There are 2 protein chains.
Amino acid sequence: MGKQLTEMLKGTLEGIVLAILAGRSAYGYEITAWLRDQGFSDIAEGTIYALLVRIEQRGFVDVEKVPSEKGPPRKVYSLNAQGREYLQEFWRNWAFLAERLDHLHKGDRST
Amino acid sequence: MGKQLTEMLKGTLEGIVLAILAGRSAYGYEITAWLRDQGFSDIAEGTIYALLVRIEQRGFVDVEKVPSEKGPPRKVYSLNAQGREYLQEFWRNWAFLAERLDHLHKGDRST
DNA sequence: GCCGCTATTCAGCGTTACTATGTACCAGTA
DNA sequence: TACTGGTACATAGTAACGCTGAATAGCGGC
């Protein structure tokens with residue numbers, strides 16, 4: 001559902017995940033569950049795992065394998081210094097975009 | 001510049017253009033210039049034209065060819081009823097996303 | 001043994017924005 | 001006439017991202 005939202009998520013989903021990891025370390029399955037909880041009901045699991053691989057390869061996160069009592073070992077991700085820097089850039093871009101959109105929305109008589 | 005912002009624009013740029021057209025009719029060249037004015041300094045012209053073709057094919061806009069005194073004829077786009085509906089859906093999705101991001105940003109100690 | 005939950009991975013696809021280039025119309029000027 | 005520059009639109013090829021769908025694997029309980 002929501003092809004519009006899917007397209008909007010491009011670029012921002014990465015920021016969302018980094019923001020989550022800025023608060024605390026987490027692993028893929030956990031992040032997916034949390035997102036669903038927050039209303040992102042149809043974010044595919046595969047999407048999150050692919051995203052995590054990406055940010056790991058770019059060096060934004062540190063990874064630790066932790067055994068789980070209920071299944072295969074978890075890959076726990078935590079944001080490092082480089083990731084924090086990148087996240088701040090994300091917030092700057094987001095603020096810029098949100099401000100423009102806000103102006104446009106206010107000036108839109110059709111609402 | 002700004003690969004991050006480029007990715008973020010996916011999905012939102014369409015909404016931005018529709019929002020502009022909700023205020024008044026406009027043509028491609030004009031929209032591009034306006035966006036550059038608003039700080040979207042590196043949005044390519046080709047991007048806007050491709051986007052306009054897309055929303056025309058989806059039936060969100062009506063098109064009128066208007067002769068120009070300074071060059072080839074302009075294609076003036078105006079938002080129709082279907083486009084207005086789609087724009088409202090866009091605003092709903094945007095509001096949802098913006099609210100989640102806002103929460104995340106506030107809870108982010110690294111800022 | 002089999003089902004269900006936890007947990008990760010991957011190939012293939014569609015959509016979007018960018019790059020780069022080309023076309024065309026007109027005015028001014030040398 | 002030829003050239004330049006601003007206006008205006010179009011398009012082929014590329015990269016990035018999220019989704020679909022399926023596979024793999026560990027563990028507990030019926």
Side-chain angles (χ1 to χ4, degrees), chain A residues 1-18 25-36 40-58 60-61 63-77 86 90 93 97, chain B residues 1-18 25-36 40-58 60-61 63-77 86 90 93 97:
Chain A
M1 234 223 295
K3 195 146 65 79
Q4 243 188 20
L5 189 60
T6 290
E7 287 306 322
M8 271 191 225
L9 278 179
K10 291 189 179 177
T12 56
L13 184 57
E14 187 180 89
I16 290 171
V17 170
L18 290 176
S25 301
Y27 54 97
Y29 193 84
E30 189 185 6
I31 294 172
T32 304
W34 188 86
L35 286 172
R36 289 200 204 286
F40 295 101
S41 47
D42 33 76
I43 285 184
E45 277 201 87
T47 298
I48 298 301
Y49 287 111
L51 193 159
L52 289 170
V53 166
R54 234 152 46 219
I55 63 178
E56 180 186 354
Q57 280 171 351
R58 290 199 214 155
F60 298 148
V61 288
V63 189
E64 198 191 351
K65 254 201 169 128
V66 177
S68 162
E69 298 134 15
K70 290 183 158 188
R74 299 164 173 165
K75 282 179 77 177
V76 175
Y77 295 84
Y86 187 77
F90 169 80
N93 281 324
L97 196 57
Chain B
M1 235 223 293
K3 196 146 64 79
Q4 242 187 22
L5 189 59
T6 290
E7 287 305 322
M8 272 190 223
L9 277 179
K10 291 190 179 174
T12 56
L13 184 56
E14 187 180 270
I16 290 171
V17 170
L18 291 175
S25 300
Y27 55 97
Y29 193 83
E30 190 185 6
I31 294 172
T32 305
W34 188 85
L35 287 172
R36 289 199 205 287
F40 296 100
S41 46
D42 33 76
I43 285 186
E45 271 199 271
T47 299
I48 298 301
Y49 288 112
L51 194 158
L52 289 170
V53 167
R54 236 153 45 217
I55 63 177
E56 181 187 353
Q57 280 171 350
R58 290 198 213 157
F60 298 147
V61 288
V63 189
E64 198 191 352
K65 255 204 169 126
V66 178
S68 164
E69 296 134 15
K70 289 184 157 185
R74 298 166 175 163
K75 281 180 77 177
V76 175
Y77 295 84
Y86 187 77
F90 170 80
N93 281 323
L97 196 57

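Naming convention: chains lettered A, B, ... in sequence-line order (proteins, then strands); numbering from 1 in each chain. Since the model is a prediction, treat every value here as computed from it, not as a measurement. Excluded from the calculations below are hydrogen atoms, water molecules and symmetry mates; all remaining heavy atoms, backbone and side chain alike, are included.
We find that OH of Tyr27(A) is positioned 7 Å from P of dT8(C), with the value rounded to whole Å. For Leu18(B) and dT16(C), the CG to C1' distance is 14 Å, given to the nearest whole Å. Protein atom CG of Leu13(A) is 17 Å distant from nucleotide atom P of dA16(D), rounded to whole Å. Rounded to whole Å, the distance from CZ on Arg36(A) to P on dT6(C) is 12 Å. Rounded to whole Å, atom P of dC18(C) lies 13 Å from atom CE of Met8(B). Taking atom CD on Glu56(B) and atom C1' on dA10(D), their separation rounds to 13 Å, with Å as the unit. Put simply, CD on Glu30(A) is 14 Å from C1' on dT8(C), counting in whole angstrom units. Phe40(A) has its CZ atom 11 Å from the P atom of dC19(D), to the nearest Å.
The base of dT15(C) sits within donor-acceptor range of the side chain of Lys10(A), with an N or O pair under 3.5 Å.
When distances are taken from the side chain of Tyr29(B) to each of dA8(D), dA7(C), dC17(D), the shortest belongs to dA8(D). Counting only heavy atoms from C-beta on, Arg58(B) has its side chain closest to dT15(C) among dC18(C), dA10(D), dT15(C). In this structure, the nucleotide among dC17(D), dC19(D), dT15(C) sitting nearest to the side chain of Glu7(A) is dT15(C).
A heavy atom closer than 4.0 Å to some atom of DNA chain C occurs in Glu45(A), Gly46(A), Tyr49(A), these being the qualifying members of residues 44-53 of chain A.
Residues forming a ring pair (Phe, Tyr, Trp, His ring centres under 6.0 Å) with Phe60(A) (at least two apart in sequence, or on another chain): Tyr86(A). For Tyr29(B), there are no side chain to side chain donor-acceptor pair (under 3.5 Å) partners at least two apart in sequence or on another chain. Listed by chain and number, the residues in a side chain to side chain donor-acceptor pair (under 3.5 Å) with Tyr27(A) are Arg74(A) (sequence neighbours excluded). Qualifying salt bridge (charged side-chain N to carboxylate O under 4.0 Å, His left out) partners for Arg54(A), counting only residues two or more places apart in sequence or in other chains: none. Considering only residues two or more places apart in sequence or on other chains, Phe40(A) meets the ring pair (Phe, Tyr, Trp, His ring centres under 6.0 Å) condition with Phe96(B). In this structure Val63(B) satisfies the side chain to side chain contact (heavy atoms under 4.5 Å, CB included) test together with Glu56(B), Lys75(B), Tyr77(B), sequence neighbours excluded. Evaluation of the side chain to side chain donor-acceptor pair (under 3.5 Å) rule for Glu7(B) yields Lys10(B) as partners, not counting sequence neighbours.
Contact between Ala26(A) and Ile31(A) at its shortest, heavy atoms only, is CB-CG1, 3.8 Å.
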Pull out every protein N or O sitting under 3.5 Å from an N or O of nucleotides 23-26 of chain C, one pair per line with the distance.
none

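Under 4.0 angstrom from either OP1 or OP2 of dT9(C) there lies at least one side-chain N or O belonging to Lys75(A). For dA16(D), the OP1/OP2 oxygens have no side-chain nitrogen or oxygen of Arg54(A) closer than 4.0 Å. Distances shorter than 4.0 Å separate none of the side-chain N or O atoms of Arg74(B) from OP1 or OP2 on dT7(D).
Judged purely by atom type and a 3.5 angstrom limit, Thr32(A) uses its side chain to pair as donor or acceptor with the backbone of Gly28(A).
One distance of note links CG of Leu13(B) with CD1 of Ile48(B); it measures 4.5 Å at 0.5 Å rounding.
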